Amino acid sequence: MDLTALSASLRTLPPSQPLRLIDENGLRTDAEASAGFPLPSTEILLGLYRKMVIARRFDLQVTALTRQGRLATYPSALGQEACEIAAVAALDADDWLFPTYRDSIALLTRGVAPEHILASFRGDWHSGYDNYEHRIAPQATPLATQALHAVGLATASKLKRDKTVALTFLGDGATSEGDAHEAFNFAAVWQAPVVFVVQNNQFAISVPLDKQMHCQMIADKAVGYGMPGYFVDGNDVAAMYAIVTHAVQNARSGAGPTLIEGLTYRIEAHTNSDDPTRYRASSEVEEWKGRDPIARLEKYLLSEGALSDSERSDIDAAAEKLAAATRECMTREAEIDPLELFDHLYATPRPALAEQRQALADELTAHADAELSEAALSASATPAAAQAQAPAQTGAHS
């Protein structure tokens, strides 16, 4: 066989099937026995279902607010709830999360308030929440940079022997970045307690996976760095939770990093400024809507008698309450101080930065004084103008 034919045969090999514990019809698979990962308890799955339903309602509400012009931009995670919720649920309170710009529902599930999550998308703050309070790094817009930060924190944790695990999300496109490769390599060499969760939603904006890389699975890359890799059905929250929990426990016990690929799909556009119809077919989107992660788990829970009508009503009510609170907080005008641009940049302010801050403060003061002077001038002119326009008074009315 010549090299051309060999290359073609390699590219047409059938892809390996992702690990799943609950299939698309809501039925339990036999992977629990064959792969050795137990199906999470019904109690855990019901909790995950609740979190996913609430997260989706939040995501839909924020997308609507963006279309109304109340937010500058928003990258939806519609359809990717299983990957994000399962990963966050597998962490302990003291573990650290390193998210991307698309992982707002992960922040929500970890306890960050909507107004703090959305502060950056409205342009109020780069990171509107207390990173140390929530153990969540700022949402990273540059691709894969947060992966190195996660490795750094995890390595520090190992040196301090405090058992903290770092988990970072990546997209499929981010794994093509040099930062991702460096993070994978450093994590493996140092055996850092970090878990890499790649949400393979199959498009790096408009570039499909087969135009990004030649390998069939992102998880296959793990072997090159000397760490475990798992290819998981990212729309099966049960499988994602089982695998991420296993990886987190391994990291905490000193067994090093793990790379997990969750095969999922981005239902919405990349952001509200994107037109996905230019690079993918609507039929493909509809096909993936049929693999909905929430509907899948709901079918399973119903079949187990674990999801009652009253339970669903309670979950829906909680979701609507959150949506209403999100709408309300986005109608309030943000109190913005331009001088905050200079805060939190350096532990000890640099002289040049202090000069710039003072220059801006002087400009703001001058602008405010000018506005006050103009308002005073306008107010003083108003009585005279009103008197000139008033009708003449006669003696009969005096």
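What you see is a predicted model, and the numbers here were worked out from it, not measured in a lab. The chain is numbered in sequence order, starting from 1.
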*Salt bridge check: are Asp233 and Arg291 linked by an N-O gap of less than 4.0 Å?*
no
_Cluster companions of Leu143 among Ile, Leu, Val, Met, Phe, Trp, Tyr (side-chain spacing under 4.5 Å)_ = Tyr101
*Residues clustered with Val223, ILVMFWY side-chain links under 4.5 angstrom*: none
*Would a 4.5 Å heavy-atom cut-off, applied to side chains only, mark Asp292 and Arg296 as touching?*
no
*Which other residues end up in the same hydrophobic cluster as Tyr132, if Ile, Leu, Val, Met, Phe, Trp and Tyr are linked when side-chain heavy atoms come under 4.5 Å apart?*
Trp96, Phe98, Leu153
_Tyr129: partners by ring-ring contact (aromatic ring centres under 6.0 Å, His included), with sequence neighbours left out_ = none
*asked:* A side-chain contact here means heavy atoms from C-beta on lying under 4.5 Å apart; do Leu118 and Thr326 qualify?
replied: yes
_More than 12 heavy atoms of other groups within 6.0 Å of Lys221 NZ_ = yes
*Note, Arg50 side chain near Asp314 side chain (heavy atom, < 4.5 Å)*: yes
*Quick one: ring-ring contact (aromatic ring centres under 6.0 Å, His included) partners of Phe58, sequence neighbours excluded?*
none
*asked:* Taking ring-ring contact (aromatic ring centres under 6.0 Å, His included) as the definition, give me every residue that meets it alongside Phe169, ordered by chain and number, with sequence neighbours left out.
replied: none
*asked:* The criterion is side chain to side chain donor-acceptor pair (under 3.5 Å); which residues satisfy it with Glu363, sequence neighbours excluded?
replied: none
*Partners of Asp103 by side chain to side chain donor-acceptor pair (under 3.5 Å), sequence neighbours excluded?*
Thr100, Gln199
*Sorted by first residue and then second, give each salt bridge (charged side-chain N to carboxylate O under 4.0 Å, His left out) pair with at least one member in residues 365-377; sequence neighbours left out.*
none
*Give me the other members of the hydrophobic cluster that Val207 sits in, counting Ile, Leu, Val, Met, Phe, Trp and Tyr linked by side-chain heavy atoms under 4.5 Å, directly or via other members.*
none
_Residues forming a side chain to side chain contact (heavy atoms under 4.5 Å, CB included) with Leu19, sequence neighbours excluded_ = Ala31, Ala35, Phe37, Ile243
*Kindly write out the residues that satisfy side chain to side chain donor-acceptor pair (under 3.5 Å) with Arg122, not counting sequence neighbours, or none if the list is empty.*
Asp124
